[in-house]
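Keep in mind the model is a prediction, meaning the values are calculated, not measured. Letters go in sequence order (proteins before strands), and every chain restarts at 1.
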Amino acid sequence: MAEISVNIVGSEPVLMPMASRVGDAVRQLLSGKQQRKTIAALANGEAVDLHRELTEDTELTPIQTDSELGLEILRHSTSHIMAQAVRDLFGTDVKVAIGPAIENGFYYDFYREEPFSPEDFEKIEERMAQISSDGLPFTRKTMDRQEAITHFAALGEKYKVELLEELEDEQVSLYQQGDFIDLCRGPHLPDTSWVKDFKLLRVAGAYWRGDEHKDVLQRIYGTVFFDEKSLKKYLNNLEELKKRDHRKLGRELQLFTSRDLIGPGLILWQPKGAQLRRLIEDYWKDEHYKHGYELLYTPHIARQDLWQTSGHLDFYSENMYAPMEIDEVKYQLKPMNCPFHIGIFKTDKRSYREFPIRWAELGTVYRYERAGALHGLMRVRGFTQDDAHIFCREDQLEEEIFHILNLNLHILATFGFSEYDIYLSTRPEKSVGSDDIWEKSTAALKQALEKKGLGYEIDPGEGVFYGPKIDIKIKDQLGRSWQCSTIQVDFNLPQRFDMTYTGTDNSEHRPIMIHRALMGSLERFVGILIEHYAGAFPLWFSPVQARILNITDDQLEYCEKIYNQLRKAGIRVEKDLRNEKLNYKIREAQMMKIPFMLIVGEKEKENGTLTVRLRDGKNLPPMKIVEFVEKVLSESAEGRGL
RNA sequence: GCUCACGUAGCUCAGGUGGUAGAGCGCAUCCUUGGUAAGGAUGAGGUCACCGGUUCAAAUCCGGUCGUGAGCUCCA
């Protein structure tokens with residue numbers, strides 16, 4: 001009998017009979033503990049099941065339960081089990097579409113007339129548990145593509161037929177567990193008994209193949225892990241996310257709201273939210289001034305002609321609010337600030353000596369976002385960009401980009417974001433500008449990134465049509481990524497607006513324009529901050545820094561005195577002098593996540609002090625009012641990076 | 001925009017099968033003046049998102065509109 005040589009990567013090969021299974025090799029080559037963790041393997045680089053027969057000399061890399069790939073296989077297999085359960089329960093009224101593993105779980109798309117209900121979820125989960133305890137093996141078979149089409153056509157599985165018709169391979173693989181057969185590339189778990197710690201999470205509509213002209217399917221999402229602990233951890237994490245949800249905290253902390261009467265995607269900033277925002281804006285303005293920017297203000301609407309010249313009407317009009325007519329002239333709300341800044345540029349004849357010109361504006365723009373895309377502060381229709389435009393010569397580009405990166409990362413770090421992923425997007429297929437300018441600008445962006453010592457990834461062809469760009473995605477406390485910053489070179493608008501400057505040679509040249517935003521949108525950035533800090537903001541931008549809590553009415557006068565003194569010193573302080581017990585007042589202040597609670601009773605009144613309770617429940621020893629002022633001011637300044 | 005779900009006092013929510021509404025928190029008044037996460041009593045708040053239909057009768061059933069949520073899609 002023929003033999004083949006099999007080894008686990010990094011160890012000695014052994015000879016095994018031809019057509020031994022991967023699982024046999026694993027049992028022979030791995031220790032008990034390693035064996036039990038192994039659910040599949042890479043055989044000469046191809047991911048295969050443990051049941052797969054080996055027909056040539058093979059190097060195996062085990063895929064184990066503690067790897068990403070292992071989880072992916074678990075999730076994929078679980079989606080099959082869910083499909084089987086759904087089919088068992090609802091019969092052929094249900095058509096199966098696709099069911100991949102995704103980040104943190106899996107889904108399966110079904111076509112069914114009736115919507116799935118929460119009660120259905122319970123039934124499906126019960127049935128899945130049954131399938132799991134049956135320990136059905138996942139078996140793979142290959143089939144001629146035409147044969148597979150006939151097979152699925154006979155079952156009325158039109159989505160599978162459609163998939164098969166588009167496949168290029170003449171042999172396709174099918175996986176079966178119990179009586180459920182699905183078209184699938186695999187690999188899968190050895191059997192269904194591995195799938196114990198799962199949960200179905202939600203159902204949502206999804207189009208067949210993501211195309212809104214095609215059938216609407218019901219997508220059931222779920223998650224699964226190899227052990228109960230990990231599942232619980234994940235579910236707890238979901239709970240934590242809910243607790244941090246900026247919409248919930250925004251309401252509780254009285255930061256912002258939106259009302260039906262105002263309109264969807266339009267935010268009302270309540271006093272505390274407005275205070276928070278003002279602190280962010282003031283800091284932003286100060287930093288920009290220090291870094292050589294000048295600040296601009298521009299209007300919210302402009303004549304339609306402006307948007308014609310800028311090209312927004314041609315490229316962006318579906319995102320713009322409809323025109324309004326004033327004195328027989330059409331005006332439109334601005335979706336971007338750039339044309340206004342160009343308008344200011346063109347008020348004078350510019351010289352190369354003025355460059356770089358750095359203009360910044362907290363400009364509020366309005367964009368039509370599809371109703372289904374709106375989400376709290378994260379996706380709105382009216383928002384304020386922390387926008388800036390830099391006009392410079394080509395030879396200044398790299399230095400300007402470097403300058404922007406410095407300011408950018410400095411500001412993000414001050415807000416507590418020091419982990420990020422950076423992407424450099426290069427020329428797309430449809431674009432304006434010469435090869436030469438694209439090359440030079442892309443090189444300038446790269447060099448600036450490298451000079452700053454920043455790692456980055458290249459997104460080939462993902463640049464905007466008018467120039468290359470750098471995007472920075474920050475990571476929050478929960479490890480989620482948010483794209484906030486963007487730095488974009490623009491060869492288009494300077495030309496459209498015929499912007500020029502006089503160079504050293506006394507002739508006219510075209511300036512380079514850079515658009516950039518650091519926080520992106522104030523609204524969204526505040527949303528991210530709320531979730532990042534779970535509403536417990538650092539002292540320097542806490543809308544309320546301290547709240548005075550008296551113990552009895554005997555300290556009312558003294559409390560007023562403290563309040564006035566702190567307020568004059570520039571401390572954001574509130575007083576809670578209601579006739580309530582201390583416990584009650586502490587609870588409320590705690591829930592408002594106020595950094596300092598100032599407790600004032602007879603002792604403090606007599607000594608001219610106050611007792612500070614911190615957000616974490618600890619107390620500081622009693623201190624004089626001036627000491628507290630000093631403490632808050634110095635800690636705030638430090639937090640603000642002063 | 002599409003699919004599904006939801007829309008009851010300022011907030012969080014109860015209100016089988018239709019008979020004009022309830023709780024807790026908050027708010028007001030009173031009692032209580034109490035040192036580190038909810039003291040007590042009384043009271044005021046709702047044309048049950050809006051419009052229309054079915055019915056003797058609708059928060060409850062049906063249709064539409066608006067809004068919210070989860071996804072899909074979109075996001076130079």
Side-chain angles (χ1 to χ4, degrees), chain A residues 102 107 109 111-118 120 201-221 242 245 247-248 251-252 254 257-266 270 310-312 314-319 335-336 367-376 378-379 381 425 428-432 462-467 469 483 486 488 490 492-493 515 549-556 577-593 597-605 611-620 622:
Chain A
I102 53 172
Y107 67 78
D109 285 346
Y111 178 82
R112 181 183 175 224
E113 291 288 335
E114 299 286 305
F116 288 109
S117 67
D120 293 336
L201 297 172
R202 67 180 88 86
V203 60
Y207 302 104
W208 169 234
R209 321 205 87 178
D211 183 339
E212 63 183 295
H213 304 294
K214 296 189 166 151
D215 292 349
V216 176
L217 307 174
Q218 297 189 64
R219 176 171 297 177
I220 300 181
Y221 286 89
K242 264 190 214 161
D245 190 314
R247 293 164 300 182
K248 177 174 143 68
R251 166 99 270 297
E252 290 169 2
Q254 301 168 358
T257 185
S258 63
R259 305 259 97 182
D260 288 3
L261 239 177
I262 310 291
L266 302 171
Q270 292 168 269
S310 70
H312 284 92
D314 295 332
F315 294 103
Y316 206 73
S317 61
E318 63 185 34
N319 289 296
M336 294 186 192
R367 297 182 184 173
Y368 172 76
E369 294 284 352
R370 297 172 84 169
L374 300 175
H375 179 85
M378 302 301 191
R379 192 66 157 223
R381 286 185 176 158
S425 302
E429 273 183 33
K430 244 182 71 184
S431 59
V432 300
E462 287 301 306
V464 198
F465 80 88
Y466 50 70
K469 64 168 179 172
Q483 196 207 305
T486 184
Q488 308 182 347
D490 186 348
N492 180 50
L493 284 181
H515 308 253
L549 314 179
N550 64 323
I551 300 211
T552 74
D553 288 351
D554 293 336
Q555 300 93 41
L556 285 179
L577 308 181
R578 293 173 302 172
N579 175 9
E580 293 291 350
K581 285 191 160 183
L582 184 61
N583 277 346
Y584 184 87
K585 296 186 187 186
I586 284 177
R587 178 167 191 269
E588 283 199 354
Q590 189 79 43
M591 290 196 303
M592 293 301 284
K593 304 181 191 265
M597 286 167 239
L598 309 180
I599 292 160
V600 176
E602 272 311 288
K603 282 183 283 183
E604 287 82 2
K605 181 179 155 189
T611 298
V612 180
R613 180 192 153 106
L614 305 174
R615 270 188 292 210
D616 63 8
K618 293 195 182 104
N619 277 317
L620 300 178

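rG45(B): glycosidic angle within 90° of 0, hence syn.
Look at the P atom in both rC6(B) and rG64(B): the space between them is 15 Å, to the nearest Å. Across rG53(B) and rC13(B), the matching P atoms stand 33 Å from one another, rounded to whole Å. Across rA57(B) and rG45(B), the matching P atoms stand 29 Å from one another, rounded to whole Å. Separation of the C1' atoms belonging to rU33(B) and rG40(B) is 14 Å when rounded to the nearest angstrom.
Side-chain atoms of Asp215(A) do not come within 3.5 Å of backbone N or O of Leu217(A) as any donor-acceptor pair. In this structure, Gln590(A) contributes its side chain and Arg615(A) its backbone to a donor-acceptor pair below 3.5 Å. Between the Arg219(A) side chain and the Asp109(A) main chain, no donor and acceptor come within less than 3.5 Å of each other. The main-chain N or O of Tyr221(A) is never found under 3.5 Å from a side-chain atom of Arg202(A) such that the two would form a donor-acceptor pair.
Between Arg259(A) and rG67(B) there is no side-chain N or O to OP1 or OP2 distance below 4.0 Å. Look at Tyr584(A) and you won't find any side-chain N or O under 4.0 angstrom from OP1 or OP2 of rC25(B). OP1 or OP2 of rC72(B) lies within a sub-4.0 Å distance of a side-chain N or O belonging to Tyr221(A). Within the structure, a side-chain polar atom (N or O) of Arg247(A) is placed less than 4.0 Å from OP1 or OP2 of rA70(B). Under 4.0 angstrom from either OP1 or OP2 of rG71(B) there lies no side-chain N or O belonging to His375(A). Between Tyr368(A) and rG1(B), a side-chain N or O to OP1/OP2 separation shorter than 4.0 Å is present.
In this structure, CG of Leu598(A) is placed 19 Å from P of rG35(B), rounded to the nearest angstrom. Distance Met592(A) CE to rA38(B) P: 18 Å, rounded to the nearest Å. Atom CD of Gln590(A) is separated from atom P of rA38(B) by 11 Å (rounded to the nearest Å). With rounding to whole Å, Lys618(A) atom NZ is found 16 Å from rA37(B) atom C1'.
Within the 4.0 angstrom heavy-atom criterion, base atoms lie near Glu580(A). Arg578(A) comes within 4.0 angstrom of the backbone, heavy atoms only, and of no base.
Here the shortest heavy-atom pairing between Leu374(A) and Pro264(A) reads CD1-CB, 3.7 Å. In this structure, Arg381(A) and Tyr368(A) approach most closely via the heavy-atom pair NH2-CE1, 3.4 Å.
For Val216(A), the side-chain atoms get nearest to rU3(B) when compared with the rest of rU3(B), rG34(B), rG35(B).
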Step-by-step side chain to side chain donor-acceptor pair (under 3.5 Å) determination, Thr611(A) to Glu604(A): CA-CA 7 Å; Thr611(A) 298; Glu604(A) 287 82 2; 2.5 Å; yes
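One donor-acceptor pair, N or O on each side, does fall under 3.5 Å between the base of rG35(B) and the side chain of Glu604(A). One donor-acceptor pair, N or O on each side, does fall under 3.5 Å between the base of rU36(B) and the side chain of Asn619(A).
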With pairs defined as Watson-Crick or G-U wobble and both distances under 3.5 angstrom, please note down RNA chain B as a dot-bracket string, | for pairing with another strand. (((((((..((((........)))).(((((.......))))).....(((((.......))))))))))))....
I'd like a table of atom pairs between the protein and nucleotides 74-76 of chain B - only N or O on both sides, under 3.5 Å - with the distance next to each one.
unit_1, atom_1, unit_2, atom_2, d
rC74(B), O4', Arg370(A), NH1, 3.4
rC75(B), O2, Arg379(A), NH1, 3.2
rC75(B), O2, Arg379(A), NH2, 2.5

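Exactly one of Arg578(A), Gln555(A), Lys585(A), Glu580(A) qualifies for a side chain to side chain donor-acceptor pair (under 3.5 Å) with Asn550(A). That residue is Lys585(A).
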